[in-house]
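Residue numbers begin at 1 in each chain, while the letters A, B, ... track the order of the sequences.
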Amino acid sequence: MINITFPDGAKRAYEAGVTALDIAKSISEGLARKVIAANVNGEVWDATRPIHADSAVILLTWSDADGKKAFWHSTAHLMAEAVEASFPGVKFWVGPPLDSGGFYYDMDLGDRKLSEEELSALEKKMNELAKQNNAYVRKDVPKQEAIQYFTEKGDEYKLDLLSNLEDGNITFYTQGNFTDLCRGPHIPATGIIKAIKLTSVAGAYWKGDEKNKMLTRVYGISFPNQKELDEYLQMLEEAKKRDHRKLGKELGIYTMDDDVGQGLPLWLPNGTIVIEELEKLAKETEDAGDYKRVVTPHIAKESMYLTSGHLPYYQDSMYPPMEVDGQKYYLKSMNCPHHHKIFAAEPKSYKDLPLRLAEYGTCYRYEQSGELFGLMRVRCLHMNDAHIYCNKEQFGDEFRAVNDMYLKYFKIFGIDRYVMRLSLHDPEKLGQKYINEPELWLETEALVRKVLVESNIPFVEVKGEGAFYGPKIDVQIWSAIGREFTLATNQVDFAQGRRFNLQYTTADNGHDVPLIIHRAPLGTHERFIGFLLEHYAGKFPVWLAPVQVKILPISDKFSEYTKDVYRALRRAGIRAEIDDRNEKIGKKIRDTELMKIPYMLVIGEKEVNEGKVAIRRQGKGDAGTKSVEEFIAGVKNEIVNRADEV
RNA sequence: GCCGUUGUAGCUCAGGGGUAGAGCACUUCCUUGGUAAGGAAGAGGUCGUGAGUUCAAGUCUCAUCAACGGCUCCA
């Protein structure tokens with residue numbers, strides 16, 4: 001007999017070799033039907049795997065994250081079985097579940113191509129196989145036998161996986177006619193998978209390396225019932241409505257044009273208002289932090305990028321140079337070298353530090369065409385950029401102040417889901433991807449880590465993601481539809497100061513090179529506005545809304561008073577428009593609601609007689625009447641405070 | 001850049017070898033209407049672009065450009 005300990009601390013004795021499924025059955029049949037995997041002493045196991053020693057067991061169902069993963073992983077195997085049945089000779093690489101939901105499987109179909117139309121046929125096949133309710137059977141396999149199996153099958157990808165595994169640690173899983181090298185865990189049988197959707201076909205480089213062969217990757221998702229699949233598909237539809245590309249078009253924020261070029265957004269009047277409001281916020285915040293504003297040209301000579309060291313590292317992602325007067329000029333893809341030149345323009349003393357130079361600089365990056373993505377990834381971008389020149393003693397305070405600025409912004413925009421990533425260098429790539437200064441790297445990384453720890457800011461460390469000139473903190477955020485991306489970046493640079501021969505006179509009349517902090521808390525206009533569109537679902541808070549108030553006269557009989565109200569709003573600096581179309585009030589309201597304009601003022605006979613306005617708040621309906629002055633005061637207050645919601 | 005998919009009116013989409021369609025938006029007229037779609041008429045497209053096949057090409061072939069879903073990349 002062995003003792004099984006449950007999450008609530010209760011213990012029960014079972015025969016050795018009992019499975020999680022047996023345990024569930026001993027509790028109730030209903031539970032047994034739901035259990036699809038188990039956490040045994042902290043490890044996720046098959047529900048059908050025998051337990052031979054005293055263990056702590058947590059039964060896992062579809063409601064548990066690990067249960068879902070086992071479910072999706074098992075569906076990936078089911079898909080592989082269907083693929084193998086349809087395309088004999090296919091070779092498989094890996095087929096994991098995804099944290100974000102669903103699974104994929106990478107495979108080599110040889111010369112065959114898989115079109116998206118064929119997916120529904122595969123789905124059908126998978127459903128047939130699922131109905132057979134085949135068990136997922138785990139088997140320990142000696143390495144030699146495993147190698148022999150995949151050698152016979154001619155699957156060099158699995159052999160590659162095997163080469164990294166140790167004997168005694170190798171398991172096969174078989175369901176129906178399909179056997180795969182896999183560490184598991186899997187659900188008990190295929191019959192549990194009731195609803196399957198294969199979502200897309202894509203190419204994926206083997207091992208993620210673009211020098212390797214491109215495999216075919218099929219993505220899919222599955223559920224234990226049709227209802228949840230329907231809900232999932234419904235959710236995808238909802239997400240589409242919040243997509244910044246759709247909203248950006250609908251709300252007149254930006255547009256793209258083939259004649260202008262790939263990844264080069266044209267900001268429409270409404271989008272430009274959002275840009276200007278964001279810049280206003282940034283300028284206020286930077287003024288309060290004693291930043292100085294500068295403006296620099298869009299191009300610079302090759303020599304400057306050789307000095308900075310950017311060219312050898314990033315030439316491929318810069319627009320090719322233009323030649324003028326026998327000199328090569330590059331479009332700038334970053335502002336830092338220009339700012340360094342401003343630092344160097346006049347002799348500096350320790351009394352000038354810290355010096356903070358800020359600019360909404362326009363940068364151009366020749367991003368690979370396949371990378372471009374709405375506003376999130378563009379080739380012309382406006383960075384909320386600044387460079388802080390300081391000494392080592394000042395560094396901690398400066399770095400902290402930058403982080404505080406991030407947090408201030410997050411609060412204003414209601415961003416509560418974010419992760420700070422401390423990105424470090426990779427010692428193996430010194431001299432290639434990173435400047436070859438091993439000691440300086442370690443010293444600076446320690447400096448940054450210390451500040452983060454002292455400020456109690458939670459962060460994760462990632463090796464091999466630093467900038468070429470120093471470590472950085474990237475802030476990952478998630479838009480409301482779950483899209484993850486890097487918003488802000490805060491980088492330390494110990495290299496460019498020396499490369500540009502930047503110096504300041506120290507208190508003891510010596511010379512020293514400043515440390516440089518590169519920071520962009522709002523990232524770029526493009527990415528940030530793309531984020532905000534999804535974050536707010538297009539319903540900007542009043543201070544950011546391109547049109548803040550729409551005035552809706554009930555008929556043209558009231559146009560005189562309507563114009564008075566309009567002029568009063570404009571005098572107060574409020575962005576207002578009149579809808580004087582020959583339409584009924586219900587139609588005007590509907591159109592204004594769809595344009596997501598925060599306030600509507602309905603004006604009819606009653607309002608004219610009383611000298612008031614009837615207020616309607618977007619998404620919330622009728623909000624009573626007020627005098628024009630009272631309404632203006634309220635809206636102005638909301639604007640000045642940059643209130644997130646009323 | 002690579003793999004796959006898609007390009008028809010401002011937007012959403014139908015039409016799959018025989019003279020270009022719908023709804024919404026737009027213009028004009030009627031209607032002056034009180035909190036999410038009043039009515040009528042009109043205008044608008046060399047079907048992404050360029051070649052080819054054909055008596056005939058949105059429709060079939062090829063090339064090219066762009067967008068979308070991924071991979072790789074992001075100073």
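- In terms of position along RNA chain B, the nucleotide closest to A:Lys557 lies nearer the 5' end than the nucleotide closest to the other residue of the pair A:Lys557 and A:Tyr364.
- Comparing B:A75, B:U32, B:C2 by their closest approach to the side chain of A:Met214 singles out B:C2.
- A:Lys606 has no side-chain polar atom (N or O) that falls below the 4.0 Å cut-off from OP1 or OP2 of B:G34.
- Distance A:Leu552 CG to B:U32 C1': 15 Å, rounded to the nearest Å.
- The side chain of A:Lys587 places an N or O atom within less than 4.0 Å of a non-bridging phosphate oxygen (OP1 or OP2) of B:A25.
- Taking a cutoff of 4.0 Å between a charged side-chain nitrogen and a carboxylate oxygen, A:Asp474 and A:Lys472 qualify as a salt bridge.
- For B:A67, one of the phosphate oxygens OP1 or OP2 lies less than 4.0 angstrom from a side-chain nitrogen or oxygen of A:Gln262.
- As judged by a 4.0 angstrom heavy-atom cut-off over every strand, A:Lys588 is placed among residues making no nucleic acid contact.
- Among the atoms of the strands shown, base atoms are found under 4.0 Å from some heavy atom of A:Asp556.
- Among the atoms of the strands shown, base atoms are found under 4.0 Å from some heavy atom of A:Arg616.
- Of all nucleotides listed (B:A36, B:G34, B:A75), B:A75 comes nearest to the side chain of A:Met318.
- Between the side chain of A:Glu371 and the base of B:C71 there is at least one donor-acceptor pair of N/O atoms closer than 3.5 Å.
- Applying the 3.5 Å distance criterion, the base of B:A75 shares a donor-acceptor pair with the side chain of A:Ser317.
- For the side-chain hydrogen bond (donor to acceptor under 3.5 Å, both in side chains) criterion with A:Thr296, the lone passing option out of A:Lys332, A:His339, A:Lys341 is A:Lys332.
- Look at the C1' atom in both B:G17 and B:A25: the space between them is 33 Å, to the nearest Å.
- A donor and an acceptor atom sit less than 3.5 Å apart, one in the side chain of A:Arg377 and one in the base of B:C74.
- In this structure, A:Tyr314 reaches the bases: a heavy-atom distance under 4.0 Å links it to at least one base atom across the strands shown.
- With a glycosidic angle further than 90° from 0, B:G34 counts as anti.
- Pairing for B:C26 goes to B:G42, judged as Watson-Crick or G-U wobble with the two contacts each under 3.5 Å.
- Of the options A:Val462, A:Val460, A:Val448, A:Asn490, a side-chain contact (heavy atoms from CB on, under 4.5 Å) to A:Leu422 is made by A:Val448 and by none of the others.
- Atom CZ of A:Arg581 is separated from atom P of B:G33 by 18 Å (rounded to the nearest Å).
- Using a 4.0 Å heavy-atom cutoff across all strands shown, A:Ala204 reaches sugar-phosphate atoms only and no base atom.
- A:Asp591 and A:Arg581 are joined by a salt bridge, as a carboxylate oxygen and a charged side-chain nitrogen come within less than 4.0 angstrom of each other.
- In this structure, of B:A66, B:G69, B:C2, it is B:A66 that holds the atom nearest to the side chain of A:Asp258.
- Here A:Gly586 lies in heavy-atom contact (under 4.0 Å) with sugar-phosphate atoms only.
- For A:Arg217, taking side-chain heavy atoms from C-beta onward, the closest of the listed nucleotides B:G34, B:A75, B:G70 is B:G70.
- Taking atom CE on A:Met600 and atom C1' on B:A36, their separation rounds to 9 Å, with Å as the unit.
- A:Asp591 places its CG atom 7 Å from the P atom of B:C26, with the value rounded to the nearest Å.
- In this structure B:G16 sits in the syn conformation; its chi angle is within 90° of 0.
- Nearest to the side chain of A:Glu593, among B:G1, B:A75, B:A36, sits B:A36.
- Rounded to an integer number of Å, the gap from A:Met107 CE to B:C3 C1' is 13 Å.
- Across the C1' atoms, B:C26 and B:C62 are found 39 Å apart, a figure rounded to whole Å.
- Of the candidate nucleotides B:A75, B:C11, B:G38, B:G38 has the atom lying nearest to any side-chain atom of A:Glu583.
- In this structure, the side chain of A:Trp72 engages the main chain of A:Ser222 through a donor-acceptor pair within 3.5 Å.
- Note on A:Gly208: only backbone sugar-phosphate atoms sit closer than 4.0 angstrom, heavy atoms only; bases stay farther off.
- Using the Watson-Crick or G-U wobble rule with both distances under 3.5 Å, B:U32 pairs with nothing in any strand shown.
- With hydrogens and angles ignored, the 3.5 Å screen pairs no side-chain donor or acceptor of A:Trp206 with any backbone N or O of A:Trp93.
- Among the protein residues, A:Ile585 comes within range of the sugar-phosphate backbone only, with heavy atoms under 4.0 Å from sugar or phosphate atoms but none that close to a base.
- Residue A:Ser333 is classed as a base contact, given a heavy-atom separation below 4.0 Å to a base.
- Partners of A:Glu583 under the salt bridge (Lys or Arg N to Asp or Glu O under 4.0 Å) rule, at least two apart in sequence or in another chain, do not exist in this structure.
- In terms of polar N and O atoms assigned as donor or acceptor, the side chain of A:Glu607 comes within less than 3.5 Å of the base of B:G34 in a complementary pairing.
- Using a 4.0 Å heavy-atom criterion, one finds that A:Glu250 contacts no nucleic acid atom at all.
- You'll find that the side chain of A:Lys584 is closest to B:G38, out of B:G1, B:G38, B:A37.
- Applying the 3.5 Å distance criterion, the base of B:G1 shares a donor-acceptor pair with the side chain of A:Tyr205.
- Of the residues near RNA chain B, A:Gly466 and A:Tyr219, the one whose nearest nucleotide (by heavy atom distance) lies more toward the 5' end is A:Tyr219.
- When Watson-Crick and G-U wobble pairs are counted only if both distances are under 3.5 Å, B:U64 pairs with B:G48.
- A:Arg616 places no side-chain N or O within 3.5 Å of a backbone atom of A:Pro598 that could act as its donor or acceptor partner.
- Within 4.0 Å (heavy atoms only), A:Arg245 reaches sugar-phosphate atoms of the nucleic acid but no base atom.
- Within the 4.0 angstrom heavy-atom criterion, only backbone atoms of the sugar-phosphate kind lie near A:Gly374; the bases stay farther away.
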